[in-house]
Amino acid sequence: MKNPPFSFSESPGPNHQPSAKGLTVGRAMMGGLLALFCSATPAQAQQALAPVDLGWAGSFAILTKTGITNVPTSAITGNIGTSPITGAAIAGLDPVEITGTIYTVNAAGPAGRVVYPSFLTLAVGDMEAAFRDAAGRLFPDVIELGAGNIHGMRIAPGLYKWGTPVLFNTGITLDARGDANAVWIFQIGQGLTVGNGAIVTLTGGAQAKNIFWQVGGETNLGTTAQFKGIILCATAIAMKTGATLEGRALAQTAVTLQMNAVTEPK
């Protein structure tokens with residue numbers, strides 16, 4: 001958990017035969033062209049996919065712009081905050097449900113809140129920048145995987161892109177293949193729907209902190225779903241009854257909770 005940035009205060013003739021020197025020069029030119037071609041391949045083919053920099057948004061388990069509502073009892077491990085909306089938009093959450101700090105822009109909201117508008121402005125700006133970073137990554141490894149239905153798939157690290165909604169009903173497996181630094185970035189042009197009881201399973205050293213779900217529509221996590229990764233959502237994130245998240249819920253509108261567990265990744 002990151003601390004705030006500061007304290008509260010020409011063509012030849014038809015019978016032409018190339019000379020040995022000409023052949024040597026020709027081979028050298030072809031070699032140079034080949035090297036130039038290879039150097040133009042996507043960066044991801046030459047180096048590992050870099051994670052998305054969350055900046056100060058990485059200080060939060062839940063960060064929104066228009067509020068957080070809760071049907072108790074939930075358990076949140078990490079900081080929560082909302083801005084620019086008033087702290088009164090954090091509703092239904094008791095401080096005992098949060099292992100972390102509640103940040104607000106004013107003196108409204110749950111008991112025990114810390115009023116820190118400048119920090120929240122930085123964090124929300126970084127959340128928006130992280131969304132743009134994830135959405136703007138080029139040269140996807142796979143486009144339109146499963147036509148948007150990735151149910152039951154075992155997915156290797158990489159950059160994946162869809163113009164459609166994405167859904168899975170019972171589960172997916174993310175396999176790092178022994179690389180604990182492996183990164184997934186999922187660019188989803190529309191919404192993300194995770195079915196009731198669906199599970200995101202991590203294997204081969206995969207870590208929730210290196211999984212980024214950039215969602216252009218709404219994110220819905222079904223009842224008792226077990227989800228992993230950083231959700232960067234353009235609109236709302238809705239967690240249904242009993243759903244869990246190992247990661248971060250970073251929403252540009254609101255987050256709704258119903259007896260959920262949210263744990264920031266290690």
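What you see below is based on every heavy atom in this structure, not just the backbone, and it leaves out hydrogens, waters and symmetry mates. Keep in mind that this is a model prediction, so the values were computed, not measured.
Put simply, the side chain of L54 does not reach to within 4.5 Å of the side chain of D126, judged on heavy atoms. At a threshold of 4.5 Å between non-hydrogen side-chain atoms, the residues L145 and M153 count as touching. Inter-residue side-chain proximity for W213 and T219 is flagged as unmet; no heavy-atom pair is nearer than 4.5 Å. Side-chain contact between Q207 and P265 is absent, with no heavy-atom pair separated by less than 4.5 Å.
Annotation: the span from I62 atom CD1 to L93 atom CG amounts to 7.0 Å, rounded to 0.5 Å.
Residues satisfying the side-chain hydrogen bond (donor to acceptor under 3.5 Å, both in side chains) criterion with S74, sequence neighbours excluded, are N70.
Of all heavy-atom pairs between A176 and A182, the closest is CB-CB, 3.9 Å. Contact between P72 and M259 at its shortest, heavy atoms only, is O-CG, 3.2 Å. The minimum heavy-atom distance linking L250 with I237 is given by the pair N-CD1, 3.7 Å. In terms of heavy-atom proximity, A134 sits nearest to I185 at O-CG2, 4.1 Å.
Aromatic ring centroids of F186 and F212 lie 6.0 Å or more apart.
Sorted by first then second residue, the side-chain hydrogen bond (donor to acceptor under 3.5 Å, both in side chains) pairs that include residues 225-247, not counting sequence neighbours, are T241-Q258. The stretch residues 82-91 participates, sequence neighbours left out, in these side-chain hydrogen bond (donor to acceptor under 3.5 Å, both in side chains) pairs: T64-T82, T86-N106.
Under 4.0 Å is where a charged nitrogen must lie from a carboxylate oxygen, and between K209 and E264 no such pair does.
Using modelled atom types, no side-chain atom of N79 and backbone atom of G100 make a donor-acceptor pair closer than 3.5 Å. With hydrogens and angles ignored, the 3.5 Å screen pairs a side-chain donor or acceptor of D141 with a backbone N or O of L159.
By the criterion of side-chain heavy atoms lying less than 4.5 angstrom apart, applied directly or through intervening Ile, Leu, Val, Met, Phe, Trp or Tyr residues, M239 is grouped together with I172 in one hydrophobic cluster.
For the side-chain contact (heavy atoms from CB on, under 4.5 Å) test with I76, the passing option among N260, L257, T99 is L257; the others fail.
Note on ring orientation: taking the six-membered ring where Trp is involved, the planes of Y103 and F60 are perpendicular (angle over 60°, cut-offs 30° and 60°). Taking the six-membered ring where tryptophan is involved, the planes of Y160 and W162 are essentially parallel, since the angle between them stays under 30° and well short of 60°.
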